[in-house]
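Here is the structure we will look at.
Order of the sequence lines fixes the chain letters, A, B, ..., with proteins taken first and strands second; residue numbering starts at 1 for each chain.
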Amino acid sequence: MRELVKTYNPKEVEEKWYKFWEEQGYFRADNRENRPVFSIVIPPPNITGSLHMGHALNTTIQDIIVRWKRMSGYNTLWLPGTDHAGIATQNVVERHIAAEGSSRREYGRKGFIEKVWEWRGHYGRTIIYQLKRLGASCDWSRERFTMDEGMSRAVREVFVRLYEEGLIYRGSYIINWCPRCMTALSDLEVEHENIRGKLYHVRYTLTDGSGALTVATTRPETILGDTAVAVNPDDARYRDFIGKRVFLPIVGRELPVIADDVVDMEFGTGALKITPAHDPHDFEVGNRHGLQKLKVMADDGVMNDEAGPYKGMERFQCRKTILKDLSDRGDLIKEEDYLHAVGHCYRCKTIIEPNISRQWFVSMKPLAEPAIKAVEDGSVPFIPEGWKNTYFEWMYNIKEWCISRQIWWGHRIPAWYCGSCEGVTVSRTDPSSCRHCGSLAISQDEDVLDTWFSSALWPFSTLGWPEKSEDLKRFYPTSVLVTGFDILFFWVARMLMMGLKFMGDVPFREVYIHPLIRDADGQKMSKSKGNVIDPLIMMDKHGTDALRFTLAAMSSPGRDIRLSEERIEGYRNFANKIWNAARFIFMNLEEESAILDPAALTLPDRWILSRLNRTVADVTKMLGEYRFDLAAGAVYRFFWHEFCDWYVEFAKLQITEGGKKKDNTVAVLIRTMDTALRLLHPFMPFITEEIWQQLHKSSIMTAPYPSMEESFIDDTVESRMDSIMDIVKSVRSVRSELDVPPTKAVDVHMKINSDALRELIEGHLVYLKRLTSAENIVTGTNISRPALSAILIFSGGEMYLPLAGIIDIEKERWLLEKRLKKVSEEINRIENKLSNRAFIDKAPEEVVLKERDKYKELTEQKERVEANLSWLNG
RNA sequence: GGGCGGAUAGCUCAAUUGGGAGAGCGCAGCCCUUACAAGGCUGAGGUCACAGGUUCGAUCCCUGUUCCGCCUACCA
């Protein structure tokens, strides 16, 4: 058997095995098989993206689930793909060609889109290679892209059907406008940020000269678009103003003073300027009162013709100038500091301008209803459950969805406008004439759809819809959706709505929402803050398995992950531990593999097999509950602190005995390692494959996931091993406290109270000697204390370590006193409890019994400690 | 403004339905014991944020307070 190198080298093995898995077709799902199905679709990363920790976590969790299910015998599909990310991609490619000294306009629409496709061909697939580096076992033969032909057809089908049902419509409303991206955005694409701004009080004088009103505004530049001033009808201060007119400052236009109860009397001055074309609130007021909607700003954020003297001024420059002019005229009454939320473009962080504009919308309420119900009635559980509330809150108050974007890269809106009759033709296939009048003078809408419109169809469009494909029949609904809560509304909610609408069934049976990753200080990772931990660099430095295990171990529900490189190093060490345990086993392997003889198992053998099978049960249970943290913790503890720390040490002794004992020990080592590797494989696919291949000459991916073997679970064995281990730990502890190094051999005299315990100890003296570095061990029920010896009181008896010439009486006394204090405190506590009548009466019997047992045991120990102390003093 | 989550060892986090709290990292001491120094052994450390309440008993359940996050919202 060839010896392994001393430290595990991830780089060598990762690429090799990933290639092997792909070549063998292990990732591929079969749509003709009749095994139970498990399917997931990946949250498609943007083609502009580079792998960050969020992807790494999301991918790792899905891969853990998928590899586990695959090994458990499911016909498993993990369908991968990418998202065309309209605005983001267009921005990136525009920057790209700007660097070449060109521009989007120069290319023209057709040329630019060709350029984007070209760009995607070159750079848009890096994220896919990075997912592969993570070990993602996706079925790459089914990879999809939101702009590919099939998905585009699905988008069109959905658009047309919703339009025909009246759920998609076109109209002029206030939308969020990004003057930099020059496009409309949905409400979700606006990030609100608290900004320390000012509330400006501006005076509007009445045309009849009878006085003035003061309004408060945060955006003085919109004064130019005012078409009324509103007050609350119940406001006694302004009752006489209603129906009068005021002069718009600077401009001099006359505005009516109207009454509307949306005006909050408490806020500001109680008088509200109304700008229906530039404020959603005012838009409504304008509609109610039939006010003119006066646009004073162009789409690029520059004031237009209607702005009079301010025409051509950038919006914030205009604000400054207007403030100065108002102030010069004495119409600026005061400025108040004011903290308020200001919307920013989620792509470019530019301040959003609410703007009246003609756009396409989806009517959400009818779509939301069934999606709410599906979550309410438990058809789609959320894990953790708490996210349901967040989901409901958004869904109950859902708003219309603005889906048109004034960009080029994306699914073009399938609507054609007629130059002759003004009719709109919405069609699955490109029409050549107007549906209404037959005119050939039609032209397609210039806009494209919100990227999330196509993502919403992902779980069924990727499977071939609107065709009734085999994949769709077999794999829809998917088994679970794994995602972060940051796209709960953007994506999860919309998929639910669309899935129910077009498939008549939920798109996924469960939603697992994983935490978000932050840095060690709890800050969001961002390039501008410079606090990103790059998963690619981490994989290079510490190995993919270490990174994956870290992410799994740290994803506790309901809490963000504060990632630090030290944690990754810690689990890199774990990988190395696994590697070295394997090395140890390989060093002891014979040509012929040993068969495990259940009749010849020693106590440690039976113990490790019992612990192993409990771990199998724990890990499987935790995986089923999406507790990757607990699953990872359980297998980590077992492997390191039970298998390596204890069993391997016992095994060394059993191996030196040779013969049958050795063979059986090696068999147990292999059995344990073998099972542990399979348990670990979903977490650490590469190292487990590398070791497994050397052990079995086959792939661990096709090995069955372990299931608990009840017959190996043995409480008695475990408690007997606990006794042995306790004794070892006690002796080690005393040696350490008294500064007796392991190199110094000592004798151990053991006075044991019960026959059973004595038998147990005597049966395992070899182990005890070795693990405590004892020269001789003397046991008996009537052992007396040797002179100059250290004393050790344990639950079944006492131990003496003769330490002539070494023992330090003071230190010994200190140890005993420390023990006495601890025991006495514990006794006091229990005494208090047991002397409480109410406790005896009301507490469950088993709890009372437990306390009584503990009391008895402790009082005995206390007596013995005291006896030894007085012996020491005497 | 509304909603959700968190506060436990120096740091990051656990604790299966209430019966005196664990791990990793860090720290200290001793060890190169032939799988592993990316290691082994041992140890120190916590009024479980604060104040009440329910209970025989509360880190856990209830109420309130303080301090942090996050989501959401058209008070201009």
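- Listed candidates were B/A76, B/A35, B/C74. Nearest to the side chain of A/Pro280 is B/C74.
- For an aromatic pair to be called close, the ring centres must be under 6.0 Å apart, and A/Phe241 with A/Tyr238 satisfies this.
- Nearest nucleotide to the A/Ser733 side chain, out of B/G40, B/A38, B/U42: B/U42.
- The glycosidic torsion of B/G20 lies within 90° of 0, placing the base in the syn range.
- Using atom P as the reference point in both B/U16 and B/C60, the two lie 13 Å apart (nearest Å).
- A gap of 26 Å separates the P atoms of B/G29 and B/G22, to the nearest Å.
- B/C48 sits 11 Å from B/A15 when the C1' atoms are compared, rounded to a whole Å.
- The closest side-chain donor-acceptor pair between A/Tyr647 and A/Glu642, if any, does not fall under 3.5 angstrom.
- There is a side-chain donor-acceptor pair under 3.5 Å between A/Glu12 and A/Asn9.
- A/Arg732 places its CZ atom 6 Å from the C1' atom of B/C41, with the value rounded to the nearest Å.
- Closest to the side chain of A/Thr217, out of B/A38, B/G19, B/A76, is B/A76.
- Interatomic distance, A/Leu669 CG to A/Asp674 CG, rounded to the nearest 0.5 Å: 12.0 Å.
- Rounded to whole Å, the separation between the C1' atoms of B/A14 and B/A21 comes to 10 Å.
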